[in-house]
Amino acid sequence: MRTLIIVWLSQIVSIVGSNMTGFAFTIWVWELTGQATSLALFALFAQVPQIFIIPIAGVIVDRWNRKYLMMVGDTVSGLLTITVLLLYITHNLQLWHLYLAVGVKGTFQQFQTLAFSASVSMMVPKEQYSRASSISFLATSSSHIIAPALAGALYAVIGLVGILIIDITTFAIALLTLLLVHIPQPTITKVGTHGSTNLKQDLYFGWRYVAVRPGLLAMLLLVLLFVFADQFGELLVTPLILARTGNDTKILGVIFSTAGLGGIIGALLVGVRGNFQPRIHAVLLGMVGAGLSQTVFGMGRVPLIWFPAQLCSSLNFPIMGSAHDAIWLSKIKPELQGRVFAIRSMVMPISTALANLIAGPLADGVFEPAMKPNGTLAPVLGWIFGTGGGAGIALLYVISSLCMLVIGLGGYAFRVLRDVEIILPDYDADAERVVGD
């Protein structure tokens, strides 16, 4: 685990720097435009390019040196940040520059993310896959606590320029660390090289591989549905809390920090506990736990309910995420993981983009008016959610949370899902049998 930990320590520093920059960008854009739509477009421009580049990224990850691809990702991100810094200090920075920058950065981050995900099985033994995945969640959750607090405090002192300089420094640290560590590359077998000279075949390889394995296909569809429901609710959290609290940004900030704390606790539990067996139970019950906690969150109207509900919800994600990652890592040969993981990685941007398009208009145009004092749903549900500002958003949030719970429980209804670890053999099962014989 030593190499993995060293790499992720450097990535924590880099992620904190990137999140500080993202937080500072939102402040700068708000000061410039005063429009929430301008901020929402950041997510769209960051996600859409990824949908188209992920299949190509998967092919490249399986063909090229994965360590160098991670270094390229850090290098491009650093150069983009330098470019934005130069535009800003010369008073030439415009909004479209940032949209273009986050689009390009998101594209190269896919290469970096896929390269790292496909390298985990080469850096740690199979019994440590869950712990290895938990390190990723620990890094992300830590940055969610540290970055907003640091950026918020430093923005007034050193401004956007100072934060961009910090971000550039963190990229340099991550790049230097990758340069110094050794990341093993997989041995290419006949299966791994099959079709490798035909780009078109390689682009479809990941999908074909998953499509003929019902267990993996079922897991892919399960996560697609769950992520859509989760991201749908995630987009409603900020307007829900601001509407319920009269735009109290301090409470909103504490809720996001609580989410990060819950993620850290969940990651530490996985690190201490290790594998949950069978791992599919951790996936499905984690979905149920997150859905139940978020249902309580949506029905609450005061911080005394929001904070513990958010903590309990966030705690589930590293547990189910690390178990989910471990299943995929153990079932797919390392030399195929780039192309196959690319298909899996498309779930997040597709689900997030769809949620972005639907959640806001549905909340503003349908549910909020319906929960007003004279709305169509107020007489029936007003006693639960109230009829003031944010009541309709809360109702929609609870619906999305209940969908998460149902998706997790529904997974047990399908044998191909609940017994996926039995039905689908590990990629090294044949080798283990030979050794045993």
Please report the closest heavy-atom contact between [X] and [Y], naming both atoms and the distance.
| X | Y | value |
| --- | --- | --- |
| Gly390 | Leu240 | O-CD1, 3.6 Å |
| Gly266 | Ile319 | O-CG1, 4.0 Å |
| Met404 | Gly291 | CB-CA, 3.9 Å |
| Ser351 | Leu224 | OG-CD1, 3.2 Å |
| Val416 | Ala218 | CG1-CB, 3.8 Å |
| Ile168 | Gly78 | CG1-O, 4.5 Å |

A side-chain contact here means heavy atoms from C-beta on lying under 4.5 Å apart; do [X] and [Y] qualify?
| X | Y | answer |
| --- | --- | --- |
| Leu315 | Leu269 | yes |
| His281 | Tyr412 | yes |
| Leu221 | Leu225 | no |
| Phe171 | Ser18 | yes |
| Arg415 | Ile423 | yes |
| Leu98 | Leu93 | yes |
| Leu220 | Trp207 | yes |
| Val16 | Met20 | yes |

Taking [X] for the side chain and [Y] for the main chain, is one N or O donor matched with an acceptor at less than 3.5 Å?
| X | Y | value |
| --- | --- | --- |
| Thr170 | Asp167 | yes |
| Ser313 | Ala309 | no |
| Ser77 | Asp74 | no |

What's the spacing between [X] [atom1] and [Y] [atom2] if we round to 0.5 Å?
| X | Y | atom1 | atom2 | result |
| --- | --- | --- | --- | --- |
| Phe232 | Leu354 | CZ | CG | 11.0 Å |
| Lys331 | Tyr209 | NZ | OH | 10.5 Å |
| Thr90 | Leu85 | OG1 | CG | 9.0 Å |
| Leu217 | Leu222 | CG | CG | 11.0 Å |
| Leu236 | Gln231 | CG | CD | 11.0 Å |
| Ser314 | Gln294 | OG | CD | 7.5 Å |

**Message:** Set out, in order, the CA-CA distance, both residues' side-chain angles and the distance that settles side chain to side chain contact (heavy atoms under 4.5 Å, CB included) for Ile327 and Glu421, then state yes or no.
**Reply:** CA-CA 7 Å; Ile327 292 173; Glu421 295 173 83; 4.2 Å; yes
**Request:** In sequence, state the C-alpha distance, the side-chain angles, and the governing distance for Leu405 and Met287, and then conclude on side chain to side chain contact (heavy atoms under 4.5 Å, CB included).
**Result:** CA-CA 6 Å; Leu405 190 153; Met287 291 179 175; over 6 Å; no
**Message:** Quick one, Ile358 with Phe228, criterion side chain to side chain contact (heavy atoms under 4.5 Å, CB included). Give me CA distance, side-chain angles, the key distance, then yes/no.
**Reply:** CA-CA 11 Å; Ile358 298 172; Phe228 174 78; 4.1 Å; yes
**Request:** Evaluate the side chain to side chain contact (heavy atoms under 4.5 Å, CB included) criterion for residues Val340 and Trp328: first the C-alpha distance (whole Å), next the side-chain angles of each, then the deciding distance (0.1 Å), finally the verdict.
**Result:** CA-CA 9 Å; Val340 177; Trp328 284 78; 3.8 Å; yes
**Prompt:** Can you tell which of Ile165, Leu164, Ile158 makes a side-chain contact (heavy atoms from CB on, under 4.5 Å) with Val161?
**Reply:**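 Testing each of Ile165, Leu164, Ile158 against Val161, the sole residue satisfying side-chain contact (heavy atoms from CB on, under 4.5 Å) is Ile165.
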